[in-house]
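See below for the structure under consideration.
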Amino acid sequence: MWTKPWKFAEGFLIGIGLMVAGLILELTVGPVVWDAFRWPSNAVVLAGFVLMILAMHLLRSRVYAFRYLSTYQAAIPAMTYAVVLTIVMGLTRQTADGRWLNNMLVFWPFVFIYVYMAVIVGLVVMKQPLRRWNASRVVAMLFHLGLFIAMTTATLGNADMQRLKMVTETGQKEWRAYDPQGRIVELPLTIELKQFIMETYDDGSPKRFASEIQIQAKSGQSLLTTVDVNKPVEVEGWKIYQYGYDTQMGAMSDTSILELVSDPWLPYVYVGIYMMLLGAVCMFVLGGKINRKSQTVK
């Protein structure tokens with residue numbers, strides 16, 4: 001163990017060490033406080049993270065551990081831990097005020113493993129030589145760079161995401177909403193409920209409910225639209241969803257509850273995902289061509 005070259009066992013031990021360190025932090029300082037990474041702090045952290053990976057890449061010939069992190073013997077154990085923790089997250093109820101496995105996004109072991117994965121992917125990207133590039137190397141670079149962009153922006157962008165609730169009343173302009181902690185947030189737009197719409201089945205149960213609203217943004221944009229369940233309206237970076245209504249009044253409700261979501265880093269996450277998908281498609285196409293060439297040679 002720990003004799004060069006390191007293999008899978010060392011990779012799994014590194015993952016265990018990171019999770020143990022995460023548990024210690026969870027017990028001593030509590031969960032990760034993502035609010036501390038709001039813009040511009042997350043941009044500074046991202047720049048520092050990229051510089052750290054670059055320094056590790058430049059020192060790989062001197063520090064064996066850095067060189068090991070760009071190998072599949074390190075990547076596969078890290079990916080195994082990440083997949084297992086992600087499955088656990090999918091199987092457990094996630095709540096904003098949950099602890100440990102019930103709020104994995106602020107659970108230190110989960111965060112450490114994903115940061116470790118991002119370091120490995122970043123080193124793999126750096127490892128691709130600028131010279132002697134061919135189609136397969138370009139595709140590999142595209143896939144891994146897309147994965148790195150998606151992972152880092154999704155993680156650091158989490159601090160800037162806002163999910164708010166707004167209670168609107170017919171004929172009243174509203175610009176205040178509430179965050180999950182019940183704090184009032186003033187928005188750069190006002191919403192006026194024009195009409196609450198409800199369609200019912202024969203037995204009286206709701207078939208459809210929606211809100212006709214007038215949106216006025218500070219930029220001057222004005223929009224009269226209807227918000228349906230699962231059919232949000234997007235205005236200046238905010239997605240507005242139909243969330244609820246006064247259930248006691250039913251179809252006669254003059255109150256509508258809207259959910260407003262802002263995620264400014266989401267476009268960058270999509271860029272990373274699209275790069276990964278393009279890389280995967282190119283890998284499939286190039287793989288087929290390589291196989292046909294090998295069969296022709298035979």
Side-chain angles (χ1 to χ4, degrees), residues 31-43 46 86 89-90 93-98 102-107 110-111 114 149-169 172-194 196-197 206 208-247 253 255-274:
V32 180
V33 181
W34 285 114
D35 284 348
F37 294 92
R38 289 185 180 276
W39 179 268
S41 298
N42 44 17
L46 179 57
T86 302
M89 181 172 67
R93 186 170 181 267
Q94 302 294 303
T95 59
D97 57 349
N102 294 117
N103 195 354
M104 294 285 276
L105 293 178
V106 297
F107 186 45
F110 181 84
V111 174
Y114 267 82
I149 292 172
M151 290 183 68
T152 53
T153 55
T155 302
L156 291 172
N158 182 60
D160 289 329
M161 187 179 76
Q162 296 186 75
R163 190 179 294 272
L164 311 173
K165 299 290 190 307
M166 176 185 283
V167 180
T168 60
E169 296 181 0
Q172 300 291 325
K173 293 183 179 180
E174 185 58 79
W175 63 93
R176 297 159 299 181
Y178 299 88
D179 67 11
Q181 287 73 42
R183 296 172 296 195
I184 297 176
V185 178
E186 293 191 0
L187 299 172
L189 50 84
T190 60
I191 298 177
E192 179 183 351
L193 177 63
K194 294 295 185 181
F196 178 71
I197 304 165
R208 171 192 176 232
F209 61 93
S211 298
E212 182 183 341
I213 57 175
Q214 177 79 47
I215 306 171
Q216 182 70 48
K218 283 188 176 180
S219 63
Q221 181 182 1
S222 182
L223 178 66
L224 178 63
T225 185
T226 300
V227 180
D228 275 85
V229 176
N230 297 325
K231 293 181 180 179
V233 174
E234 187 167 0
V235 178
E236 297 191 352
W238 287 92
K239 284 189 176 181
I240 304 172
Y241 295 83
Q242 176 67 53
Y243 185 80
Y245 58 95
D246 185 343
T247 54
S253 175
T255 299
S256 179
I257 304 173
L258 306 175
E259 183 177 53
L260 296 91
V261 180
S262 173
D263 192 352
W265 289 66
L266 189 59
Y268 304 104
V269 178
Y270 282 144
V271 167
I273 292 173
Y274 292 146

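Both backbone and side-chain heavy atoms feed into the values below; hydrogens, waters and symmetry mates do not. Computed from a predicted structure; not experimentally measured.
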Exercise. Without hydrogens or angle criteria, can the side chains of Thr190 and Gln216 be said to hold a donor-acceptor pair below 3.5 Å?
Worked result: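 Distance-only check fails for Thr190 and Gln216.
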State the [atom1]-[atom2] distance between [X] and [Y], to the nearest 0.5 angstrom.
{"X": "Ser262", "Y": "Glu234", "atom1": "OG", "atom2": "CD", "answer": "9.5 Å"}
{"X": "Met166", "Y": "Ile213", "atom1": "CE", "atom2": "CD1", "answer": "9.0 Å"}
{"X": "Thr153", "Y": "Leu266", "atom1": "OG1", "atom2": "CG", "answer": "8.5 Å"}
{"X": "Lys194", "Y": "Glu212", "atom1": "NZ", "atom2": "CD", "answer": "8.0 Å"}
{"X": "Asn158", "Y": "Leu105", "atom1": "CG", "atom2": "CG", "answer": "5.5 Å"}
{"X": "Lys173", "Y": "Ile191", "atom1": "NZ", "atom2": "CD1", "answer": "12.5 Å"}

Strictly distance-based, threshold 3.5 Å: is any side-chain N or O of [X] a donor or acceptor partner for the main-chain N or O of [Y]?
{"X": "Arg38", "Y": "Ala159", "answer": "yes"}
{"X": "Thr168", "Y": "Ser256", "answer": "yes"}
{"X": "Glu174", "Y": "Glu169", "answer": "no"}
{"X": "Asp160", "Y": "Trp39", "answer": "yes"}
{"X": "Asn42", "Y": "Phe37", "answer": "yes"}

For this session: Not counting sequence neighbours, which residues clear side-chain contact (heavy atoms from CB on, under 4.5 Å) with Pro188? List them please.
Result: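 Here the qualifying residues are Lys218, Trp238.
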Got [X] and [Y] here, is their nearest side-chain heavy-atom distance under 4.5 Å?
{"X": "Tyr245", "Y": "Thr247", "value": "yes"}
{"X": "Gln162", "Y": "Asp179", "value": "no"}
{"X": "Phe209", "Y": "Val229", "value": "yes"}
{"X": "Asp228", "Y": "Gln242", "value": "no"}
{"X": "Ile240", "Y": "Thr225", "value": "no"}

Looking only at non-hydrogen atoms, find the nearest pair between [X] and [Y] and report the distance.
{"X": "Ala150", "Y": "Val269", "answer": "CB-O, 4.1 Å"}
{"X": "Ser253", "Y": "Phe196", "answer": "O-CB, 3.5 Å"}
{"X": "Leu260", "Y": "Leu189", "answer": "CD2-CD1, 4.3 Å"}

Exercise. So among Leu258, Leu187, Ile184, which one has a side-chain contact (heavy atoms from CB on, under 4.5 Å) with Leu164?
Worked result: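 When Leu258, Leu187, Ile184 are each tested with Leu164, the side-chain contact (heavy atoms from CB on, under 4.5 Å) holds only for Leu187.
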Problem set entry | side-chain contact (heavy atoms from CB on, under 4.5 Å) between Gln221 and Val235, intermediate numbers included | CA-CA 9 Å; Gln221 181 182 1; Val235 178; 4.0 Å; yes
Exercise. Only one of Thr152, Thr155, Thr86 clears side chain to side chain donor-acceptor pair (under 3.5 Å) with Tyr114; which?
Worked result: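 One option only clears the test, and that one is Thr86.
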Exercise. Taking everything shown except Lys165 itself, do over 12 heavy atoms lie less than 6.0 Å from its NZ?
Worked result: yes
